[in-house]
Amino acid sequence: MDAIVGQPLDRVDGRLKVTGGARYAAEFPVPGVVHAVLVQSSVAAGEIVAIDTSAAEGMPGVLAVITPENAEKLQADKGGEQVVSRPTLQDMQVLYNGQHVAIVVADTLDRAQAAASALKLTYKQDEAVTTMDSALNTAYRPKHFRGGARSPDSNRGDADAAFDAAAVKVDATYRTPIEHHNPMEPHATIARWDGDRVTVWTATQGISGAQHTLATLFGIPPANVRVICPYVGGGFGCKGSTWPPATLTAMAARKVGRPVKLSLTRRQMFTSNGYRPRTVQKVKLAADAGGKLVAIRHDGMSQMSMPSLGEFAEPVGLATEMLYSCPNVAVTHRLVGVNAPLPTYMRAPGEASGVFALESAMDELAVALRIDPVELRLRNYADGDEHEDKPFSLKNLRECYRQGAEAFGWSQRNPAPRSMRDGRVLIGWGMATSTYPANRRPAEALVRLQADGSVVAGSGTQDLGTGTYTVMTQVIADELGVSPRRVRFVLGDSTLPPAPGSGGSTTVASVSPAVQAACAAARQKLFSLILADPQAAGLTSADLRLANGVVLAPARRFPLSQVLARAGLEYIEGRGKTEGPPGGHSLHSFGAQFAEVRVDPDLGEIRVSRYVGAFDAGRILNAKTGRSQLIGGITYGIGMALLEETATDAETGRYVNADLAEYLVPVHPDVPLIRTIFVAGEDPVLDPLGARGIGELPMVGVAPAIANAVYHATGVRVRDLPIRIEDVLG
Amino acid sequence: MKPGLTRRGLIGRSVATAGGLAAVPLVTPAEAAIPAAPAPVRTPEMVDIVLQVNGRRLPLTIEPRVSLLDALREQAGLTGTKKGCDRGSCGACTVHVDGRRVNSCLTLAIRCQGRAVTTIEGLAEGDELHPVQAAFIRHDAFQCGYCTPGQIMAATALLDEGHAGSDAEIREYMAGNICRCGAYNHIVDAIRDVASQAAGKG
Amino acid sequence: MQSFGYLDPADADAAIAAAAAPGGKFIAGGTDLMQLMKDDVEAPTRIVDVEKLPYGAIEANGSGLRLGALARMSDVAAHPAVQRDYPVIAQALLASASPQLRNMATMGGNMLQRTRCHYFRDTGFPCNKRNPGSGCPAIHGENRLLAILGGSEHCIATHPSDLAVALVALDTSVELQGVGGARRTVALGDFHRLPGDTPQIETVLQPGELITALVVPPSAAARRSAYLKVRDRASFEFALVSAAVALEMQGNTIADARIAMGGVGTKPWRLPAVEAALRGQAATPENFTAAAGLAVEGAMPAGKNDFKVKLMQRTLVRALSTVAA
């Protein structure tokens with residue numbers, strides 16, 4: 001039988017999604033559910049001195065107005081990498097504009113909204129730091145960089161001395177703005193208490209994380225918290241942590257003694273669950289006359305909230321440490337605290353922002369050296385990870401450059417800026433390298449072989465639209481010799497065996513080996529049952545093969561239904577486990593991004609007109625859903641390059657464009673036909689399937705490829721995203 | 001409480017959608033402890049209306065300020081129509097009213113009396129998917145699926161309007177529907193596919 | 001959204017009377033009003049639905065184009081006579097909003113669309129237009145999208161409509177019906193008011209007064225017209241700068257010019273000085289550039305919108321060149 005893994009199987013949850021039948025967090029029909037609406041501060045710093053709830057409480061249908069004055073006291077959080085414990089109405093302090101300050105519950109959504117608007121808060125305002133750029137001189141070293149796993153700084157050789165002595169140099173500062181994930185599904189939670197047990201239907205990238213956070217905050221055992229999330233309407237990082245709205249929903253449900261539903265408004269999505277922080281990055285590159293890098297220095301600063309909210313440092317320099325071969329490399333990470341919400345992971349955290357700086361600088365270096373940008377990268381190709389001093393488990397980046405360049409027609413490029421035109425329109429071609437770490441975390445799975453030959457399997461993982469349901473179905477189909485149609489894979493329920501949160505492109509590499517192991521365990525149990533049977537005399541398990549509900553052996557066959565009936569079993573269960581990442585190798589995916597832009601020389605309008613991305617991401621488990629992830633990441637990158645920026649009013653620290661009309665994300669006409677290439681290769685180390693996650697890789701390098709194309713089209717180097725009309729108007 | 005939304009029905013559904021491994025406890029204990037669902041407080045401005053949704057009569061008691069979107073999602077249990085921005089900026093809430101695509105978040109439910117409302121739940125004929133729905137699956141024209149009902153309702157309207165003449169025209173006439181997962185390429189593939197099938201038949 | 005009562009009178013007099021009383025507000029397409037109510041920017045206590053009133057017709061004949069106030073944007077854009085004789089109107093409509101919104105929004109409602117200024121639409125900010133006397137943080141704040149022409153020290157909010165820009169260029173007049181059946185006609189160019197000291201008063205409408213039709217006179221210029229919209233995103237975005245240009249040409253000479261621009265003014269911005277400068281001139285790049293220089297006279301950019309001064313001239317030159325060609 002041909003392998004199912006690798007085939008472009010239609011998404012197994014497709015039918016539910018195209019018929020409106022897939023239920024997202026806010027859509028579970030929980031009887032008696034009432035509605036909660038959050039109220040948020042309109043000042044950036046200070047203290048609440050008075051809350052007038054009388055008008056709100058007098059409105060029809062209002063069930064509760066919860067403020068810091070009457071909110072349930074939560075258990076102090078014990079901490080944990082992803083836990084975000086504040087602000088949850090535990091005190092009167094205001095640390096940013098848009099902070100949750102109250103929650104209103106009413107019997108209908110409209111009534112809860114109207115009552116929320118009727119709340120009157122009085123503040124004692126303190127002076128706020130509202131913008132990062134006004135506070136760069138206060139930059140400080142992160143205290144828990146990468147969860148404390150490493151220093152925020154690294155050094156290899158002597159970058160400063162090598163830079164000073166070098167022949168050709170680039171020294172520039174790059175800036176990326178605050179960006180918001182804006183998944184199409186606003187975060188939502190329904191919470192229902194039954195005594196001291198709570199069930200939450202919540203939009204999350206990590207049901208286990210939500211379970212443990214809520215258990216800690218409410219002081220109950222994790223077993224008393226059940227988290228259900230079969231579908232997530234996009235996450236991109238903002239549903240990775242368990243943010244206060246989920247906690248507040250549970251608090252409200254306990255208060256009113258009824259199930260409570262809370263959906264964030266789009267505006268609240270800008271201040272409730274993180275964002276990609278603004279960065280200011282100084283990059284220095286130096287090369288010898290032959291284009292060989294002799295020094296790289298990358299000093300990254302990222303914007304933070306006030307420290308009492310937690311810590312998130314955008315790891316912009318990590319790719320810089322390993323992407324190119326260079327004897328002298330220095331990287332630092334610093335934070336600048338402002339009165340803003342806590343930032344968080346957003347699609348390709350670190351790399352998306354950091355590689356914009358690095359790969360823009362590489363383009364500047366190519367210009368200074370008069371070397372083709374692809375050629376410059378080949379001359380500095382890193383065969384191993386010089387930072388970790390380890391071999392790569394798999395690196396086919398050379399092939400990405402070659403196949404990408406060929407598909408794009410890169411050899412036809414005239415290197416001179418403003419040299420390529422279509423009529424009056426300026427054409428620009430740019431490229432950049434992509435990379436993102438591959439990772440694996442402990443996960444467990446459960447598989448049941450049923451008498452009719454069908455398979456039910458599960459793991460407490462998530463499907464953010466990335467295709468978890470589908471690829472796990474494919475893995476099981478191959479392992480147990482069954483048609484994908486006869487496999488049902490369930491996820492998104494904390495009663496299932498635990499799995500890691502879906503972030504950092506880890507799901508495939510973590511969950512699929514556990515699923516495989518569970519299948520193997522079930523199969524082994526089945527074979528043992530058969531071998532114990534006198535009819536199987538003389539056979540060993542090597543003689544047995546499972547296909548379509550029948551175990552085949554030379555001259556004999558054992559239908560599953562008979563084997564199970566004889567053993568008095570309804571099903572055979574197997575459990576499997578994945579351990580953490582393997583040591584010994586550097587685990588990274590790679591890619592090459594090629595963009596063509598068209599720039600109106602008079603009006604400054606910039607449009608991406610052609611795009612090719614070639615990626616080295618190990619074995620692709622499903623070519624169809626895999627391509628969807630690639631075009632999705634590139635589309636996200638187009639937004640980052642040309643459109644996306646959350647603007648802050650400097651006076652008040654309040655976001656001004658907190659909606660989808662003015663926080664611009666790409667719409668259909670912004671996205672040209674994207675050509676994607678999977679460069680063949682299987683990762684021999686990361687997991688038995690040779691696969692890697694590809695949720696973030698395709699987004700990395702898009703912004704610099706486009707910025708480099710804009711430079712090629714116009715001769716204007718834009719180092720501050722997004723690149724807009726006024727930057728190239730001349 | 002509307003028919004089908006009994007407690008038993010709910011349990012059945014959560015088993016079907018969220019679990020399915022018999023040994024795993026899929027039903028939260030103490031179901032009986034949940035208070036019965038009282039109807040919202042009746043106030044003088046509330047009105048009794050009847051909507052026609054997917055060919056069915058849908059009687060509702062609502063305040064005039066209730067949007068068609070909220071009436072569908074929060075009262076009628078028709079959650080296929082999505083709320084993405086609630087301000088007409090994303091298209092996730094797209095439905096057809098009297099055959100025209102509109103943003104249901106900016107439409108008052110009370111103004112839809114006497115009009116035919118079609119939502120994503122009303123598009124398939126029984127088990128047979130609408131050609132656009134089938135094409136969306138075939139072309140993997142979505143990832144998370146949250147914008148998908150709105151994309152499909154917009155796409156079916158676009159085809160009826162005759163705006164599938166070129167990829168550029170499809171893109172422009174789909175501009176009101178944001179897909180943050182970035183499935184645009186595949187959505188255009190799906191629409192083009194259906195348009196060319198229809199042309200082939202025509 | 002605050003609670004309101006809902007009325008859908010069958011005749012205009014009843015509707016006008018209901019809307020004229022305090023707290024009354026008409027609703028037609030509702031696309032903007034619904035947003036404003038959801039954001040608590042508007043909080044009417046009585047919504048008067050005018051959809052059943054007989055003002056939806058689109059009539060085109062020798063005496064011009066009469067757009068019923070309730071005609072939908074999508075229907076007007078698709079009307080063959082509009083496309084043929086008034087292309088600037090069809091183009092402005094198709095460059096507006098999204099197909100869904102164009103199916104809902106009406107001609108009259110579009111004239112009354114309120115500014116997209118972030119500060120106006122978020123009640124967490126002060127705003128002189130929303131709350132007179134509270135101040136305007138936008139002028140010294142995030143003003144990239146705001147107006148460079150027609151502002152005052154109290155308000156520089158941009159008028160957001162594309163359609164109004166096209167219509168104001170074509171000398172459109174607005175038919176109004178008021179309390180007690182009073183009817184009057186106002187030139188669209190005089191319909192919107194500059195903010196001055198009263199940015200909260202945006203039009204010359206009296207309480208309860210209802211737009212019933214927009215009337216566009218026929219002209220050779222209208223037949224040779226176009227709308228150019230410049231924006232960051234390729235679609236579904238308000239204009240950074242836009243231009244409605246209608247030219248009557250005699251050979252290569254401009255016999256008549258009608259020009260208005262959007263995204264730059266606190267109201268749809270007609271440019272009579274530019275029109276006068278072009279009349280009788282040859283359609284040359286030099287003449288276009290010189291005339292465009294007049295367009296920005298008196299411009300008061302606020303910092304982040306400085307680029308609009310240059311972009312406005314470039315956009316106008318491009319639109320003129322396109323229409324003259």
Side-chain angles (χ1 to χ4, degrees), chain A residues 10-11 14-15 17-20 22-24 27 29 31-32 60-61 107-110 182-185 194-195 197 199 226 228 230-234 257-258 265-266 446 448 456 458 464-466 488 490 492-493 495-496 624-625 628 631-632 635-636 659-661 665 667-669 671 673-674, chain B residues 1 5 7 10 17-21 24-26 28-30 33-37 40-41 43 63 65-66 70 74 77 79-81 84-87 89-90 92 119-121 124 129 133 136-138 140 142-149 152 171-172 174-175 178 180-186:
Chain A
D10 286 347
R11 214 171 269 268
R15 192 178 178 94
K17 286 181 172 174
V18 302
T19 55
R23 280 194 196 281
Y24 300 81
E27 299 172 354
D107 58 1
T108 73
L109 176 58
D110 290 272
N182 276 310
M184 295 316 295
E185 178 204 21
D194 306 294
R197 306 175 76 89
T199 304
R226 181 171 174 200
I228 296 172
Y231 295 99
V232 188
R258 289 173 64 172
T265 64
R266 183 54 62 180
L446 172 69
R448 280 187 199 147
V456 184
L464 319 179
T466 44
R488 192 159 62 88
V490 297
D493 188 329
T495 56
L496 293 166
K624 188 178 278 195
T625 59
S628 284
I631 61 173
T635 300
Y636 220 87
D659 58 55
L660 287 176
V665 301
V667 293
H668 275 275
V671 183
L673 181 64
I674 296 168
Chain B
M1 184 181 290
L5 212 139
R7 197 156 295 145
L10 169 72
T17 53
L21 305 186
V24 174
L26 282 164
T28 312
I34 302 163
V41 180
T43 51
E63 293 182 315
R65 63 181 161 181
V66 174
D70 286 339
E74 303 299 341
T79 54
T81 306
C85 72
D86 209 25
R87 298 293 186 280
S89 305
C90 79
T119 72
I120 189 72
E121 289 93 344
L129 295 178
Q133 290 174 310
F136 266 58
I137 295 177
R138 203 160 57 241
D140 207 39
F142 50 88
Q143 289 194 49
C144 81
Y146 197 81
C147 75
T148 309
I152 290 174
R171 289 187 189 119
E172 181 57 35
M174 288 298 289
I178 293 174
R180 189 61 162 155
C181 296
Y184 295 131
N185 267 217
H186 288 174

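Residue numbers begin at 1 in each chain, while the letters A, B, ... track the order of the sequences. FYI, side chains are in, hydrogens and waters are out, and symmetry mates aren't considered; it's all heavy atoms of this structure.
Here the closest non-hydrogen pair linking B:Tyr184 and A:Val667 is OH-CA, 3.5 Å. B:Gly145 and A:Lys17 get closest at one heavy-atom pair: CA-CD, 3.8 Å. For the residue pair A:Asp110 and B:Val66, the shortest heavy atom distance occurs at OD2-CG2, 3.5 Å.
Among B:Thr119, B:Thr43, B:Thr79, the residue making the largest number of heavy-atom pairs under 4.5 Å with chain A is B:Thr79. Interface check for chain A: of the options B:Glu63, B:Glu121, B:Glu172, B:Arg65, the most heavy-atom pairs under 4.5 Å are formed by B:Arg65. When each of B:Pro40, B:Ala92, B:Cys90 is checked for heavy-atom pairs under 4.5 Å with chain A, B:Pro40 comes out on top. Across B:Asp86, B:Thr81, B:Ile137, B:Ile152, the residue that shares the most heavy-atom pairs under 4.5 angstrom with chain A is B:Ile137.
Heavy atoms closer than 4.5 Å to chain A are found in the side chain of B:Glu74, but not in its backbone. Neither the backbone nor the side chain of A:Asp659 comes within less than 4.5 Å of any heavy atom of chain B. If you measure heavy-atom distances from A:Thr108 to chain B, the contacts under 4.5 Å come from the side chain alone. For B:Ala175, the parts lying near chain A are the backbone and the side chain together; criterion is any non-hydrogen pair under 4.5 Å. Only the side chain of A:Leu109 has a heavy atom closer than 4.5 Å to any heavy atom of chain B. Only the backbone of A:Val232 comes within contact range of chain B, judged by heavy atoms closer than 4.5 Å. When heavy atoms are compared at a cutoff of 4.5 Å, A:Ala22 approaches chain B solely by way of its backbone atoms N, CA, C and O.
Within the 3.5 Å criterion, the main-chain N or O of B:Val41 finds a donor-acceptor partner in the side chain of A:Asp107.
With rounding to the nearest 0.5 angstrom, the CE atom of A:Met184 is 10.0 Å from the OG1 atom of B:Thr148. For the atom pair CD (B:Gln133) and CZ (A:Arg15), the distance works out to 8.0 Å, reported to the nearest 0.5 Å. Of the inter-residue distances, the one linking B:Ser89 atom OG with A:Arg266 atom CZ reads 9.5 Å to the nearest 0.5 angstrom. Annotation: the span from A:His668 atom NE2 to B:Ile178 atom CD1 amounts to 9.5 Å, rounded to 0.5 Å. To the nearest 0.5 angstrom, A:Leu660 atom CG is 10.5 Å from B:Arg87 atom CZ.
The side-chain heavy atoms of B:Gln143 and A:Arg11, taken from C-beta on, include a pair separated by under 4.5 Å. Residues B:Cys144 and A:Leu464 form no side-chain contact, since every pair of their non-hydrogen atoms from C-beta on lies 4.5 Å or further apart. Between B:Phe142 and A:Val18 the shortest side-chain heavy-atom distance falls below 4.5 Å. By the 4.5 Å heavy-atom criterion applied to side chains, A:Val665 and B:Arg180 are counted as neighbours. Looking at heavy atoms from C-beta onward, A:Thr625 lies in side-chain contact with B:Asp140 at the 4.5 angstrom threshold. B:Leu129 is listed as a side-chain neighbour of A:Thr19, based on a closest heavy-atom distance under 4.5 Å.
Between A:Tyr24 and B:Tyr146, the ring planes are perpendicular. Angles over 60° get that label, and only those under 30° would be called parallel.
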